[in-house]
There are 2 protein chains.
Amino acid sequence: MCARSYHHGNLRSALLIRAEETLRERGVQALSLRELARATGVSHGAPRRHFGDRQALLDALAEDGFARLGRDLDDAVREAEPDSIARFHALARAYVLFATRHAALLELMYAGKHREGAEPVYEAAERAFAVALGVISAAQEAGELVPGDPESLAKVALATLHGLAAMANSGILAGEELESVVPDAVERLLWGLRPR
Amino acid sequence: MCARSYHHGNLRSALLIRAEETLRERGVQALSLRELARATGVSHGAPRRHFGDRQALLDALAEDGFARLGRDLDDAVREAEPDSIARFHALARAYVLFATRHAALLELMYAGKHREGAEPVYEAAERAFAVALGVISAAQEAGELVPGDPESLAKVALATLHGLAAMANSGILAGEELESVVPDAVERLLWGLRPR
DNA sequence: CGAGGGATGTTGTCACTGACTACATTCGTT
DNA sequence: AACGAATGTAGTCAGTGACAACATCCCTCG
């Protein structure tokens with residue numbers, strides 16, 4: 001931060017910030033611990049103190065990503081009109097916005113977690129999705145949604161959004177298509193979940 | 001294949017087969033051109049004749065993956081009862097089966113294609129999805145589905161399936177959940193798309 | 001205080017990798 | 001049979017991740 005003594009102060013977050021930048025600009029495969037160290041003005045061995053290996057760095061990025069996604073979703077719901085439909089649309093918009101703005105990060109976030117040491121990432125994901133869960137539960141209590149396990153309803157809804165975002169990121173779905181397709185998908189989901 | 005002369009005969013496909021194996025067993029990051037060459041009993045420079053760089057190998061794997069996915073989807077539809085609902089369910093089952101059986105490959109297939117030289121992959125994807133398109137068009141003609149651009153309907157449907165599979169692969173959705181959630185999602189999709 | 005122990009950063013090293021080059025062998029065509 | 005294109009080999013280079021030994025700093029406890 002300042003005149004740079006032997007110790008950096010908060011290398012860990014500095015590395016994470018820098019890493020997310022390269023991730024966004026040049027993709028995962030361009031993320032190298034050594035270059036990251038270089039860019040942060042620190043020796044090539046320093047990152048190891050904070051991230052045991054490359055995968056640990058990726059996991060930390062993913063965890064952080066879920067935390068930010070959770071905040072985004074939360075903000076969106078908070079700022080939306082207080083009725084279920086508006087909230088769902090806001091949630092969807094926020095998710096897809098995050099997903100397309102941080103495509104490489106999202107890929108990382110969803111990279112297989114059947115791996116030792118991935119528990120924190122997994123838990124971060126659960127926390128992020130808790131927002132959606134809350135919206136669904138509230139809608140159910142208000143009688144605006146069919147009853148049923150909110151967790152599984154939330155997962156289906158998020159899966160749809162995630163699938164759309166993933167297809168857009170991969171180029172299979174054009175970016176402009178998203179803007180019409182997402183609200184459409186939300187409507188259809190809601191229609192299928194409305195009590196009758 | 002046999003006494004091994006100077007030329008291999010069909011190194012390219014041998015490499016692809018071997019690569020897919022390691023991909024399945026140890027993930028993308030474990031795929032190395034040199035080890036691949038070693039495992040195929042060929043010099044470390046040989047793969048370069050067939051895949052200009054590592055990414056070209058990954059692209060070829062993805063392309064091949066889409067071809068096989070297309071075949072799987074096609075077979076599923078062909079073997080299903082000739083009514084739309086059964087076909088949709090068969091399609092969904094086949095997609096999710098492929099997606100979970102070849103998780104790492106699927107990740108590769110959907111890795112960002114906004115990249116030079118990714119056109120073949122993109123086109124392979126289109127061909128694979130043509131099956132779903134056909135099923136939807138047929139259902140529309142039979143009056144069992146709302147009219148509308150079949151391409152965009154297909155994309156939403158596939159996105160939902162893909163999202164569910166992706167969440168399962170990442171561990172966010174338990175594998176057993178899929179079996180109940182997928183048919184459920186199909187029903188809901190169909191319900192929202194049925195003419196009324 | 002001030003010593004010492006833990007946390008953090010540095011330097012050096014190793015095996016491995018992808019990319020590239022020059023060269024060898026084989027195949028297909030004429 | 002000859003020759004050019006396709007395919008495989010051998011050698012090399014810079015970059016990388018992992019690791020170990022060492023340096024520096026911070027903080028606590030006597």
Side-chain angles (χ1 to χ4, degrees), chain A residues 1-23 25-62 104 108 111-112 115-118 121, chain B residues 1-23 25-62 104 108 111-112 115-118 121:
Chain A
M1 174 144 317
C2 33
R4 291 303 331 293
S5 56
Y6 193 89
H7 282 75
H8 178 286
N10 54 352
L11 224 203
R12 193 188 142 95
S13 38
L15 290 173
L16 278 177
I17 289 170
R18 204 81 191 199
E20 222 253 292
E21 201 170 314
T22 12
L23 183 62
E25 289 170 359
R26 302 192 291 136
V28 206
Q29 80 291 346
L31 250 186
S32 115
L33 291 174
R34 287 177 102 108
E35 187 188 341
L36 187 57
R38 232 174 288 136
T40 316
V42 91
S43 77
H44 70 259
R48 194 170 151 73
R49 293 287 165 209
H50 303 276
F51 310 104
D53 57 11
R54 195 183 123 100
Q55 187 56 55
L57 169 67
L58 299 187
D59 283 349
L61 281 171
L108 225 54
R115 187 181 2 113
E116 223 168 327
V121 184
Chain B
M1 167 112 356
C2 30
R4 291 304 329 294
S5 56
Y6 193 90
H7 283 75
H8 179 286
N10 55 353
L11 224 203
R12 194 188 142 95
S13 38
L15 289 173
L16 277 178
I17 290 171
R18 203 82 191 199
E20 223 253 292
E21 201 170 315
T22 16
L23 182 62
E25 289 170 0
R26 302 191 291 137
V28 206
Q29 80 291 345
L31 251 186
S32 117
L33 291 175
R34 287 178 103 106
E35 187 188 340
L36 188 56
R38 232 174 287 136
T40 316
V42 91
S43 79
H44 71 260
R48 194 171 151 71
R49 293 289 165 203
H50 304 275
F51 310 103
D53 58 10
R54 194 183 123 100
Q55 188 56 56
L57 169 67
L58 299 187
D59 283 350
L61 281 171
L108 225 54
R115 186 181 1 113
E116 222 168 326
V121 184

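Just so we're on the same page: letters track the sequence lines, and every chain starts at 1. Values in this document were obtained by computation on a predicted structure and should not be read as measured data. The analysis underlying the following values was restricted to heavy atoms, covering all of them including side chains, and did not include hydrogens, waters or symmetry mates.
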(request) Look only at the side chain of B:R48 and the backbone of B:L33, and say whether a donor-acceptor pair between them is shorter than 3.5 Å. (result)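 Absent.
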(message) Any donor-acceptor pair, under 3.5 Å, between the side chain of B:H50 and the base of D:dG8, if you only look at N and O atoms?
(response)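 Such a pair does not exist between side chain and base.
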(request) Report yes if a donor N or O on one partner sits less than 3.5 Å from an acceptor N or O on the other, where the partners are the side chain of A:R49 and the base of C:dG9; otherwise report no. (result)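 Side chain to base: pair found, below 3.5 Å.
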From [atom1] of [X] over to [atom2] of [N], roughly how many Å is that when rounded to an integer?
{"X": "A:D53", "N": "C:dC16", "atom1": "CG", "atom2": "P", "answer": "18 Å"}
{"X": "B:L33", "N": "C:dC20", "atom1": "CG", "atom2": "P", "answer": "12 Å"}
{"X": "B:F51", "N": "C:dC20", "atom1": "CZ", "atom2": "C1'", "answer": "18 Å"}
{"X": "A:R54", "N": "D:dC19", "atom1": "CZ", "atom2": "C1'", "answer": "18 Å"}
{"X": "A:L15", "N": "C:dG9", "atom1": "CG", "atom2": "P", "answer": "8 Å"}
{"X": "B:L11", "N": "C:dT26", "atom1": "CG", "atom2": "C1'", "answer": "14 Å"}
{"X": "B:L57", "N": "C:dT17", "atom1": "CG", "atom2": "P", "answer": "14 Å"}
{"X": "B:R48", "N": "C:dA22", "atom1": "CZ", "atom2": "P", "answer": "12 Å"}

(request) Assign B:R34 to base, sugar-phosphate, or nothing according to its heavy-atom contacts below 4.0 angstrom with the strands shown. (result) base
(message) At 4.0 Å (heavy atoms only), tell me whether B:R12 reaches a base, stays on the sugar-phosphate, or touches nothing.
(response)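 Here B:R12 touches no strand at all.
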(message) Can you see if the side chain of A:S32 gets near the phosphate of D:dG15 - specifically, an N or O under 4.0 Å from OP1 or OP2?
(response)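 Checking A:S32 against D:dG15: no side-chain N or O falls below 4.0 Å of OP1 or OP2.
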(message) Let's go through A:L11 and A:R49 carefully: what are the C-alpha distance in whole Å and the side-chain angles of both, what is the deciding distance for side-chain contact (heavy atoms from CB on, under 4.5 Å) to 0.1 Å, and is it a yes or a no?
(response) CA-CA 9 Å; A:L11 224 203; A:R49 293 287 165 209; over 6 Å; no
(request) Kindly give the heavy-atom pair with the smallest separation between A:A62 and A:L108, and that separation in Å. (result)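 Taking every non-hydrogen atom into account, CB-O, 4.1 Å.
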(request) Quick one: closest heavy-atom pair of B:D59 and B:A118, and the distance? (result)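 Looking at all heavy atoms of both residues, the closest pair is OD2-CA, 4.5 Å.
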(message) Which nucleotide wins on minimum distance to the side chain of A:S43, given the candidates C:dG9, C:dA19, D:dT9?
(response) C:dG9
(message) Determine whether the aromatic ring of A:H44 stacks with the base of C:dT11, defined as ring centroids separated by less than 5.5 Å and ring planes inclined by less than 30°.
(response) yes
(request) Using the side-chain contact (heavy atoms from CB on, under 4.5 Å) rule, take B:R115 and B:Q55 through it: C-alpha gap first, then chi angles, then the decisive distance, then the call. (result) CA-CA 10 Å; B:R115 186 181 1 113; B:Q55 188 56 56; 3.1 Å; yes
